[in-house]
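What follows is a single structure, written as structure tokens, with notes after it.
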Amino acid sequence: MKNLMKNPLFVPLICLGLVLLFNLITNAGFFEISIKRNNVGNWILAGNLISVFNNASELVILAIGMTLITSASGGQDISVGACVAIAGGVILKILASKTGAPVVVAVSLGCLVAMAFGAFNGILVSIFNIQPMVATLILFTAGRPISSWITGGLSPRITNSVLDAVGNVIPGVPVPTPIFIAAFCVAFIFLTLRFTNLGLYAQAVGISDKAARLVGLSPRLVKFIQFVVMGLCVGLVAFIKVSRVGSIQYNYIAKDIEMDAILAVALGGNSLSGGRFSMTGSIIGAYTIQAITTTLLANSVPSDALSAYKAVVIIILVVIQSPVVKDFWRKRRKNDPAQSSPSPSLNGSPSAPTGPQTAKPEANLGADLGSGLASSLGTGPGASLATSQGGA
Amino acid sequence: MKFKLVFLLAALVAFGLVGTSPTMAQDLIKIGLINADPNESGYRKANVESMTSALSKENGFDVSVAYSERKVENQIAAAQQFINEGVKYLVISPEVSTGWDSVAQSAKEAGVKVIAFDRVIEMPDDVLVASTVSDMRAEGDKAVKWLEDKKLPVYNIIHIQGQMGTDAQVKRSAALTEAAKAKGWNLVAQQTASWSEEDAKQVVQAVIDAKKEFNVIYAENDNMAAGAVAALDANGITHGKTGEVIIIGFDANQWALKEVLAGNWNLDVECNPLHGPLVAQIIKDLEAGKKVDKVRYIEEQAFDTDTITQAVVDGRTYGFEN
């Protein structure tokens, strides 16, 4: 139980659980899933849960990029919505042109353009050392006008079997395709984090530029790469967006999605000032945000009040995660004899063979940082041991 | 000093925007035309073309044109510049309706008359001689009247609202909510989709997931109607002339009228951007010494599956598919 609660994913999961629990109590029909035929004759699954997973796809993909940028640069990219408009404009323009270019070409070019704009942000942040939020403010402002310039201010509408398969369902597969795209991206990023040093480097640079340079990393390159990766995420999201309705409106597409992506990172229990991150947390955060939106829609919240309701829910979830509340629970646990009594026999007792080994690092930490800090870092008996040794 | 600098900047901006004004001609009526950004939307593009073609030299006007580049400050600077150049009329579609006091003052001193088109502007009556606007309320009422005439056995309506607080949303919503109250129509859902297709798709999907019965979708613009239809298509619900659900959209873009012509939608109410001829007529009337109405509503139609023709679709000058 204690290990579970110490897990960094515990609180994000609790947040998602709370939203789902609310639905379970107020409206059990929320979890119903049915299968039906759409107007083209393909089977499709439908239900609120499917809607949550389906509509969260874009946010999940952007949360991946946002987590990496946050970790490495200690700041956020607020231009993603505008860049989605640009990439969407490119994809739409190519598909609407009379060249007959296949979807693959359009999407590849869209991704390349998005990565180029990501690289632009990356250069401003990594080489010119501009605060990420300030650097990306440029495209945040200019992105949608650029998109309008690409499409000539028009919103052409495309009917195309490939787009239909991507935005809705592949014939014969009843699960909406965006869910698969998001799942693929999640799998890809986890494999990348597992088998490459991308995540490790990002964290190292995020924790300390200087230290990272001393061990031979190039903080510039690491930060730059994260922005290019975000560009790729943006390109994919633009593709999904274009596919959903066969068109985009450059001034409304992915509106305010950057804020939701940042929120997903925060709800995932990540520090927005960079360093260590939990990708799983961010992804759970993204699904939580969509679950909130779908819940509000399912409960027909009045339009004027929609944002206010969402804000209230988010305040609650963010406060649950705040250090003050976490501290409160930790202290309660410490004072609770039922929770802390089994621990001394594991950690503190000299007779247990593992005792000295586990206690020692904490003791060193205590000596380094001072006993007060150590007692707040450590828990239960380990901390008290540290205090006594550090003071000696 | 600071004021001077601001003025200098304003003059510079205006100069940059105005470009070269045509040489003065004796009998042409000198006009300063200030529009919003032509790239704002297909609607605005059509509006810009309508204005410039109606207020042409051939029609007896000498026009200087300025665009907002999305900033009302640019428009105000351009207005001051035009007044200094000695135009007789200022024709404005403001980015923001308020904050025009200084322009009104200068116009009054110089004896310049102001005509607002497409959007309302706040100016005293002695300066603002006329406004031409779309009657958003009348548009909503047209849709409601059409719906009433359908005499459906039961009215279960999904009401998809535009960006909350905009003129079009407030008035188009008011038309439906008042009618629903008076006639006992059931609003199954009343949600904003902020003019966005995808949001509208989500709203309708949520209603379908909740297993609520509905037979009408009233979407306050064409894009949201398209999003709603995408949700119906994804769930195997038929719509349009022969379908289970009636689709109503607003704005009458060309692509949307095609949907009506094809029978996929039932009704599309026009929001007419072609203010040019009306404004030209008002100026001619003023020059002839006639009295003009303070507010002129531009003529707008509604097209349903019975009244739409290929000619109507082809005659559209805005909202193209490609």
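Just so you know, these numbers come straight off a predicted model, no measurement behind them. We name chains A, B, ... by the order of the sequence lines, and we start the count at 1 in each one.
Within the 4.5 angstrom heavy-atom criterion, no atom of B:Ala189 approaches chain A. For B:Gln190, the part sitting under 4.5 Å from any heavy atom of chain A is the backbone (N, CA, C, O) and nothing else. Interface remark: B:Gln161 contributes side-chain atoms only to the contact with chain A (heavy atom separation under 4.5 Å). Of the atoms belonging to A:Ser300, heavy atoms from both backbone and side chain fall under 4.5 Å from chain B. Heavy atoms closer than 4.5 Å to chain A are found in the backbone of B:Ser194, but not in its side chain. At a 4.5 Å heavy-atom cutoff, the contact between A:Ala254 and chain B is made by backbone atoms alone. At a 4.5 Å heavy-atom cutoff, the contact between A:Asn251 and chain B is made by side-chain atoms alone. With a threshold of 4.5 angstrom between heavy atoms, A:Phe30 does not approach chain B through any atom at all. Proximity to chain B is limited to the side chain of A:Lys241, based on heavy atoms less than 4.5 angstrom apart.
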Chi angles and distances behind the side-chain hydrogen bond (donor to acceptor under 3.5 Å, both in side chains) call for B:Ser53, B:Glu49:
CA-CA 6 Å; B:Ser53 66; B:Glu49 278 161 22; over 6 Å; no
Check step by step if side chain to side chain contact (heavy atoms under 4.5 Å, CB included) holds for B:Glu95 and B:Gln75.
CA-CA 8 Å; B:Glu95 284 284 344; B:Gln75 293 187 316; 3.6 Å; yes
Test side-chain hydrogen bond (donor to acceptor under 3.5 Å, both in side chains) on A:Arg37 and B:Asn235 and set out the steps.
CA-CA 7 Å; A:Arg37 268 185 199 278; B:Asn235 287 276; over 6 Å; no
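Below 4.5 Å, heavy atoms of chain B meet heavy atoms from A:Gln290, A:Thr293, A:Leu296, A:Leu297, all part of residues 290-297 of chain A.
For B:Tyr218 and B:Phe250, the ring centers sit closer than 6.0 Å to each other.
For the options B:Gln163, B:Gln205, B:Gln202, heavy-atom pairs under 4.5 Å to chain A are most numerous at B:Gln202. Chain B forms more heavy-atom pairs under 4.5 Å with one residue of A:Asp164, A:Asn48, A:Leu306, A:Ile50 than with any other, namely A:Asn48. Between chain B and the residues A:Gly167, A:Ala298, A:Ser51, the most heavy-atom pairs under 4.5 angstrom are made by A:Ser51. Top candidate by heavy-atom pairs under 4.5 Å with chain A, chosen from B:Asp37, B:Asn223, B:Val203, B:Leu232, is B:Asn223. Put simply, of B:Lys211, B:Lys45, B:Gln191, B:Arg44, the one with the most heavy-atom pairs under 4.5 Å next to chain A is B:Gln191. By number of non-hydrogen pairs under 4.5 angstrom with chain B, the leading residue of A:Thr151, A:Asn168, A:Asn55, A:Asn42 is A:Asn55.
A donor-acceptor contact shorter than 3.5 Å links the side chain of B:Asn47 to the backbone of B:Pro273. In this structure a side-chain-to-backbone donor-acceptor pair under 3.5 Å is present from A:Asn39 to B:Ile237.
Using a 4.0 Å cut-off between charged nitrogen and carboxylate oxygen, B:Asp251 and B:Arg172 count as a salt-bridge pair. Comment: A:Lys255 does not engage B:Asp199 in a salt bridge, judged by the lack of any side-chain N to carboxylate O separation of less than 4.0 angstrom. Using a cut-off of 4.0 Å between Lys/Arg side-chain N and Asp/Glu carboxylate O, B:Glu270 and B:Arg316 are scored as salt-bridged. Between B:Glu220 and B:Lys171, no side-chain nitrogen of the basic residue sits less than 4.0 Å from a carboxylate oxygen of the acidic one, so the salt-bridge criterion is not met.
Paired with B:Ile217 under the rule side chain to side chain contact (heavy atoms under 4.5 Å, CB included), one option of B:Val188, B:Val204, B:Ile248, B:Ile246 passes, and it is B:Val204.
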